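A short worksheet on the structure shown next.
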Amino acid sequence: MRTHINRLGVRTASAVAAMIFAANAAWALEPFKVQDIRVEGLQRVEPGTIFASLPLRVGDEYNDDKGAAAIRALFALGLFKDVRLEASGSVLVVVVEERPTIADVEFAGTKEFDKDTLKKAMRDVGLTEGRPYDKALADRAEQELKRQYINRSLYGAEVVTTVTPIERNRVNLTFTVTEGGPAKIKDITIVGNNAFSDSTLKGLFDQDTGGWLSWYTKSDRYSRAKLNADLETLRSYYLARGYLEFRIDSTQVAISPDKQGISITVNVTEGQKYVVSGVKLEGSYLDRDDEFKSLITIRPGEPYNADRVAETTKAFSDHFGNFGFAFARVEAVPEIDRENARVALVLRAEPSRRAYVRRINVSGNNRTRDEVIRREFRQYEASWYDGDKIKLSRDRVDRLGFFTDVNVETQEVPGAPDQVDLVVNVTEKPTGSLQLGAGFSSAEKISLSFGIKQENVFGSGNYLGVDVNTSKYRRTLVFSTTDPYFTKDGISRTLDLYYRTAKPYEDQGGNYQLVTAGTSVRFGVPFSETDTVFFGGGVEQTKIKAGTNIPAAYLAYAEEYGTTSMSVPLTIGWSRDDRDSALAPNSGRYQRLNSEWSVAGDARYVRANYQIQQYVPLNKQFTLAFNGELGMGKGMNGQSFPVFKNFYSGGLGSVRGFDQGTLGPRDVTGASLGGPKKVTLNAELIAPFPGAGNDRTLRWYAFVDAGNVYGEHENWEMSEMRASAGLGISWISPLGPLRIAYAQPVRKFAGDRIQKLQFQIGTSF
């Protein structure tokens with residue numbers, strides 16, 4: 001005889017509890033001893049899964065409490081839509097109805113999101129092929145999809161979930177999305193501002209009402225996270241200009257009935273403007289009060305500036321860190337005199353305890369080896385905590401160029417109040433790149449160049465690069481590799497192998513060729529944390545392959561040195577770089593000096609080149625950039641300066657608007673010869689691209705260039721310099737920095753080769 005004991009659904013936990021209670025009350029049975037357990041209704045689930053989950057075993061006494069516990073345990077597996085327990089004499093029968101299994105998950109109508117990304121998200125929540133279908137999970141997934149579309153300003157997006165049963169108790173799951181158009185910010189209103197105009201304050205926001213480039217920047221799409229960031233920018237703007245009690249009272253975001261337009265209203269209270277009346281120190285300053293006072297950037301008599309207050313407290317904390325006090329607390333307490341609109345600042349300090357570094361841990365480097373990061377650290381384990389050394393270490397790791405973000409966290413060691421651990425968190429970026437360049441001219445029509453480089457080969461920190469120029473008239477193949485830690489002391493070694501050919505333009509006639517091949521080794525010795533001196537040597541062979549219309553300068557060189565000549569140049573150089581970014585600098589200076597001296601071989605000469613770049617931030621958006629380059633060369637022992645060592649100018653990286661490398665002396669055939677003297681001057685005004693907000697990855701620039709190359713016996717005549725002006729676009733693209741320039745020569749001479757439009761993917765000024 002079978003007696004029906006219980007039947008449960010799993011809509012909610014309360015329903016489960018209620019049904020268990022009702023079943024226990026209605027179907028109470030006399031306890032019996034279980035002689036056997038039988039399972040019915042299984043299709044895919046293994047019987048062992050049932051038996052492992054049951055709190056009952058053969059030989060146990062069955063009662064209603066154990067029956068209810070068994071049903072709860074089986075429902076908890078999430079595999080069954082229905083579970084019943086039945087008794088047939090002394091045999092316990094477990095009857096189950098399995099949930100259907102998901103055969104496939106598909107998305108229809110999704111354009112805003114990649115389908116593979118959506119499938120991965122569904123897999124993470126348990127909605128994937130081979131898993132039991134759970135309507136509650138599907139409902140949550142549907143709501144999450146809607147939320148993601150709202151984050152993209154697609155407020156009208158609708159999601160419909162379709163469950164299609166198929167054979168063998170399986171279902172296909174389809175999410176059909178009607179995205180609609182994005183809701184755009186129609187207006188931003190700031191209420192309560194009197195000190196600053198609406199246009200000034202709205203100009204601080206990354207979100208706006210759109211422009212002609214909004215299709216790229218999406219700045220007119222509302223985002224709560226972006227709005228919060230804009231509000232913080234607004235707050236910082238006021239606090240930096242004396243408005244100590246400024247506050248944002250409320251923010252209203254309203255969406256139009258058609259869900260296509262958004263209005264943002266920000267209500268503010270400016271308060272009055274305060275002037276700093278004085279600054280005083282309180283607390284313990286390690287008997288170094290004068291040192292700390294020298295770090296104060298807050299000036300009495302000037303408007304209160306929260307940025308300077310934060311800068312001062314941070315400088316105090318960092319200075320305490322230089323003496324091992326990792327947990328120093330510094331607080332700026334304002335004493336406000338509202339009647340006179342003045343504020344006095346009290347800087348209270350508590351150095352706490354001195355600590356030393358127990359361990360340095362590295363996190364986030366999935367590709368880069370630990371030693372590549374650790375060897376840049378100047379703070380060592382088992383030594384006193386030193387804030388200056390930690391900052392220097394962080395900067396050195398950042399300057400490797402392998403990471404988009406580097407930060408160092410200080411963690412207390414439990415049970416050891418005088419110890420800390422440092423955690424270096426890095427975010428890796430792709431370090432391999434493909435560099436492409438092209439130019440259009442009447443002479444070559446189009447010339448291409450490309451390079452492949454890997455700055456962090458196999459995570460070792462070593463550099464490997466190949467540069468190729470496919471110009472019809474000037475071809476180059478360069479192979480280069482650098483080991484930045486050739487020695488444990490940080491001396492680097494660079495090996496170069498190169499092969500270059502040059503021949504005349506078609507309109508010059510002739511078929512001669514200049515071939516240069518060589519190899520060199522260069523070592524870099526760090527003399528300080530910011531200065532590196534380079535020295536090395538190499539061997540170079542130059543061969544002139546005779547032909548028609550060969551330039552007189554080449555004939556003169558062949559007569560003096562022979563058609564094939566050797567040189568053994570020694571090199572020495574120096575560099576210093578304190579720019580805030582190598583890709584999109586806003587401030588700082590870069591300098592380099594390279595010199596070359598041929599001490600043996602057929603050609604004897606000296607050659608030097610100096611470059612300096614300076615970046616001056618005008619404000620948050622505009623930057624002035626200056627570049628200057630000076631090169632000089634001279635033959636030794638009464639010899640002429642070798643023609644193949646001449647400097648060249650013209651094109652990207654020098655004087656834009658002129659064909660690459662065509663400025664300076666020319667042969668009677670019209671061939672560009674370059675020269676042993678070179679000067680280049682550049683000035684740029686850089687700003688975010690119109691409509692791109694404050695995005696520094698896409699910028700435009702206006703420029704003025706001037707420069708020239710002079711022959712060995714020519715004077716540095718300013719009147720002979722070429723000049724150009726123009727506009728360009730700079731974009732940090734996925735392939736690398738892209739620069740496009742359109743230049744109009746403003747000073748040119750007869751015979752100059754003009755190339756107004758040029759572009760390059762790769763780094764250059």
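Note that these values count all heavy atoms, side chains included, but never hydrogens, waters or copies made by symmetry. Here the structure is a predicted model, which means the values were calculated and not measured. Position 1 is the first residue of the sequence; numbering continues from there.
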Examine the side chains of [X] and [Y] and answer whether a donor and an acceptor come within less than 3.5 Å of each other.
X      : Y      : answer
Asn627 : Asn682 : yes
Tyr610 : Glu629 : no
Gln260 : Tyr155 : no
Ser575 : Thr532 : no

Separation of [Y] [atom2] from [X] [atom1] (nearest 0.5 Å):
X      : Y      : atom1 : atom2 : value
Asp398 : Glu376 : CG    : CD    : 11.0 Å
Arg338 : Glu245 : CZ    : CD    : 4.0 Å
Thr189 : Gln252 : OG1   : CD    : 10.0 Å
Asp577 : Gln613 : CG    : CD    : 8.5 Å
Asp386 : Leu392 : CG    : CG    : 9.5 Å
Ile185 : Ile188 : CD1   : CD1   : 5.0 Å

Test log, rule side chain to side chain contact (heavy atoms under 4.5 Å, CB included), inputs Trp731 and Ile740: CA-CA 9 Å; Trp731 176 37; Ile740 301 175; over 6 Å; no
Closest heavy-atom contact between [X] and [Y]?
X      : Y      : result
Ala355 : Val420 : CB-CG1, 4.1 Å
Glu142 : Val159 : OE2-O, 3.4 Å
Leu201 : Leu234 : CD2-CD1, 3.8 Å
Val268 : Asp249 : C-OD2, 3.5 Å

How about [X] and [Y]: are their ring centres within less than 6.0 Å of each other?
X      : Y      : answer
Tyr149 : Phe113 : yes
Tyr238 : Phe196 : yes
Phe292 : Phe320 : yes

Ignoring hydrogens and geometry, is there a side-chain-to-backbone donor-acceptor pair from [X] to [Y] under 3.5 Å?
X      : Y      : value
Gln379 : Trp384 : yes
Thr312 : Thr297 : yes
Glu335 : Val346 : no
Arg394 : Val406 : yes
Glu381 : Ile360 : yes

side-chain hydrogen bond (donor to acceptor under 3.5 Å, both in side chains) evaluation trace for Gln611 with Arg592: CA-CA 5 Å; Gln611 182 182 20; Arg592 67 177 177 87; 2.7 Å; yes
Tyr385 and Tyr356: CA distance, side-chain angles, deciding distance, side chain to side chain contact (heavy atoms under 4.5 Å, CB included) verdict: CA-CA 5 Å; Tyr385 179 99; Tyr356 68 89; 5.7 Å; no
Side-chain ion pair, Lys226 and Asp206, N-O less than 4.0 Å: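 No, no charged N to carboxylate O under 4.0 Å.
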Criterion side chain to side chain contact (heavy atoms under 4.5 Å, CB included) on Tyr304 and Leu345, from CA distance to verdict: CA-CA 10 Å; Tyr304 172 86; Leu345 291 169; 4.1 Å; yes
Stacked cation flag Arg353 on Phe327, 6.0 angstrom / 45 deg: yes
Ring geometry between Tyr701 and Phe703 (parallel below 30°, tilted from 30 to 60°, perpendicular above 60°):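 If you compare the ring of Phe703 with that of Tyr701, the planes turn out tilted.
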Working for side chain to side chain contact (heavy atoms under 4.5 Å, CB included), residues Leu685 and Leu624: CA-CA 5 Å; Leu685 175 64; Leu624 272 179; 4.1 Å; yes
Worked check of side-chain hydrogen bond (donor to acceptor under 3.5 Å, both in side chains) between Thr368 and Glu428: CA-CA 8 Å; Thr368 306; Glu428 291 185 314; 2.8 Å; yes
Stepwise salt bridge (Lys or Arg N to Asp or Glu O under 4.0 Å) check, Asp578 with Arg589: CA-CA 6 Å; Asp578 62 4; Arg589 178 182 298 171; over 6 Å; no
Heavy atoms from other residues, nucleotides or ligands near CG of Asp287 exceed 12 (cutoff 6.0 Å):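 No, CG of Asp287 has 12 or fewer neighbouring heavy atoms, counting only those of other groups under 6.0 Å.
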